[in-house]
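Read through the structure below, which is laid out as structure tokens, and then see the notes.
Just so it is clear, the model here is predicted, and its values are computed rather than measured. Every chain is numbered from 1 and lettered A, B, ... according to where its sequence line falls, protein lines coming before strand lines.
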Amino acid sequence: MANTIEDALPEEKRSLNFIESIIEEDLSVNKNDSRVHTRFPPEPNGYLHIGHAKSICLNFGMAEKYQGKCNLRFDDTNPEKEDTEYVDSIMEDVQWLGFQWDKEPYYASDYFEQLYDWAVLLIRKGLAYVDDQPQEVISQQRGTPTRPGTESPFRNRSIEENLDLFERMKNGEFPNGSRVLRAKIDMTSPNMHMRDPVMYRILHAEHHRTGDQWKIYPMYDYAHGQSDYLEGITHSLCTLEFEVHRPLYDWFLDQLIETSYRPRQIEFARLNLSYTVMSKRKLLELVKNKIVSGWDDPRMPTIAGLRRRGYTPASIRAFADRIGVAKRDNVIDVGLLEFSVREDLNKITNRVMAVIDPLRLVITNYPEGTTEWVELENNPEDPAGGTRQVPFGRELFIEKDDFMADPPHKYFRLAPGKEVRLKGAYVIHCENFDTDIHGNPATIYCTYDVDTKSGSGPKQPKVKGTLHWVEASQAIDAEVRLYDRLFMDEDPAGHKDRDPLEFLNPDSLKVLRGCKLEPALKSAKTGEKFQFQRIGYFCVDKDSQSEALVFNRTVSLKDNWAKVSAK
RNA sequence: UGCCCGAUGGUGUAAUUGGCAACACGUCUGACUCUGGAUCAGAAGAGUUUAGGUUCGAGACCUAAUCGGGCAACCA
């Protein structure tokens, strides 16, 4: 097996990103006893995507690099949106990427009791109050970013009354939306999040873990920092939109905690990929509208989709490595992701013969009714890859693209009167061809020269082109699915007043049937990856059955001829 | 009209007590090749948003402006 990509990038030669700088600074002053403890905190309300992969690689990566730990914590404070289906898929995806969290997965819901006690403490300190106003009124009183808010008439009620009301909220005495618990901070703060943020809302809902035990649920801002604290998190990495939440994150901890240990929130820029939408909401829309077959449709930027598409964990980790991490907005060329898979797949996949758009070819001077076996290398990139036997005979299939009746200049493939090498077999000479009723080539007639046999033949003429092929009588049929980007616009979600769905690529999936494969592929298993010689990287889809193979194209091979011929 | 954050080749990321801008992807040459793949060699492409300031010296520090992003869920 070839080396992994990571081995090629010596760690010590790389400079630090801004998060590593912060960590090393903290380490140098022995902050938090020089521990490094991170966490990946997904809400179990959807599938993980490549943007999460960036965060996963970052969080687990930092822990790994500094001999620390990384927790997996489900941020499950909103029972209306969350489900165990997502919990399971998230655990699967994180592990598939090659990471293992510290101990068992954590849940914010494990801290509901503690969070409640702390809320009571805040009320006792006069720092939280129950507001009876409806949502619309509270929202109006909050003001706007440019105008300060106004205080709630309930802001200064007695601690006893607050305690009583809050307990009754917890006991389920009030209907949804009738009251909230708010932190008493500053309604005139220039930071909207400090204007008496809601800490608890009443929700009579079934929680995926606590069932109907709770009638009130903490808000993100109130739950997150304290959860970090309870787990001993030192560096709480999140995306940029939480930057303005940080003062609130710190405020709660400062009111509640007396020890010197403190988690620190650090924000980084989320990943954007060209020609891709990344928000869970939009991805969900694709699934719901049946534009894709599901969360794991190979065109989806979800981890599950990429996995089914044939991406390897190593390639995604290498990608995350290459894109780096910073605080400025960024759009990564989706080509970089493709580069990362090609790089990995080139090293690890076996080459096989597959003709996805078959054209019949007859070698007229090859003895009828006989076949022979030729030896082919499995993987030229891997010296230990070995060889295999592939049948060769009088009737073959070649790629339609590999023959032209009237070829342009610099076309190195087959054309009347021209010669090519059949990979691993013989040099053939094209004599003539038949056409079908539409005038398209139907059968190509060639002659071969026995002396040019690959490797052993006494004659080894220089020919410009080498074609892949499949012997007709033993070929097996398969379905091949060719994927292309889902959107034709570089930034489908970046247009005001235009729905990303307007930019859908109508050709994002092409299904090819009757593709011809060399017989060895008969036993290919779901998920198994190959390079179809001269075409691209493919893997066996889960829709495959033993007599009806289905392959997904992960990514095509880099194709210089396509570029040249397009000019 | 407030507050917060950001600004370095086409894209992304570097430049670690301030010392003549580096790496990757992409692009373009060429070599090699029984994959028009891979590999190898090389090239072009930024003077770091702008204007001031500090300094012998600024991408880095300071000030202002410009541009971009974020902030007004009982979402996370």
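- In secondary-structure terms, RNA chain B builds stems of at least 3 consecutive Watson-Crick or G-U pairs, each pair having both distances under 3.5 Å, at B:2-7 with B:66-71, B:10-13 with B:22-25, B:27-31 with B:39-43, B:49-53 with B:61-65.
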Taking only N/O atoms, report every protein-nucleotides 1-9 of chain B pair under 3.5 Å with atom names and distance.
unit_1: B:G2; atom_1: N3; unit_2: A:Pro145; atom_2: O; d: 2.9
unit_1: B:U8; atom_1: O4; unit_2: A:Arg328; atom_2: NH2; d: 3.3

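- Across all strands, A:Phe339 comes closer than 4.0 Å only to sugar-phosphate atoms, never to a base (heavy-atom distances).
- Ring centroids of A:His224 and A:Tyr220 are separated by less than 6.0 Å, placing the two rings close together.
- Of the candidate nucleotides B:A76, B:G12, B:C34, B:C34 has the atom nearest to the side chain of A:Lys423.
- Between A:Tyr222 and A:Phe252, the ring planes are perpendicular. Angles over 60° get that label, and only those under 30° would be called parallel.
- Both geometric conditions, a ring-centre gap below 5.5 Å and a plane tilt below 30°, are not fulfilled together for A:Tyr220 over the base of B:A76.
- In the set B:C75, B:C74, B:A14, the nucleotide with an atom closest to the side chain of A:Lys81 is B:C75.
- Between A:Arg421 and the phosphate of B:G36, there is no side-chain N or O to OP1/OP2 separation shorter than 4.0 Å.
- A:Asp333 has its CG atom 12 Å from the C1' atom of B:U27, to the nearest Å.
- Closest approach to the A:Ile323 side chain among B:A76, B:G36, B:G12 is made by B:G12 (side chain taken as heavy atoms from C-beta onward).
- Using a 4.0 Å heavy-atom criterion, one finds that A:Arg351 contacts the bases of the nucleic acid, with or without backbone contacts as well.
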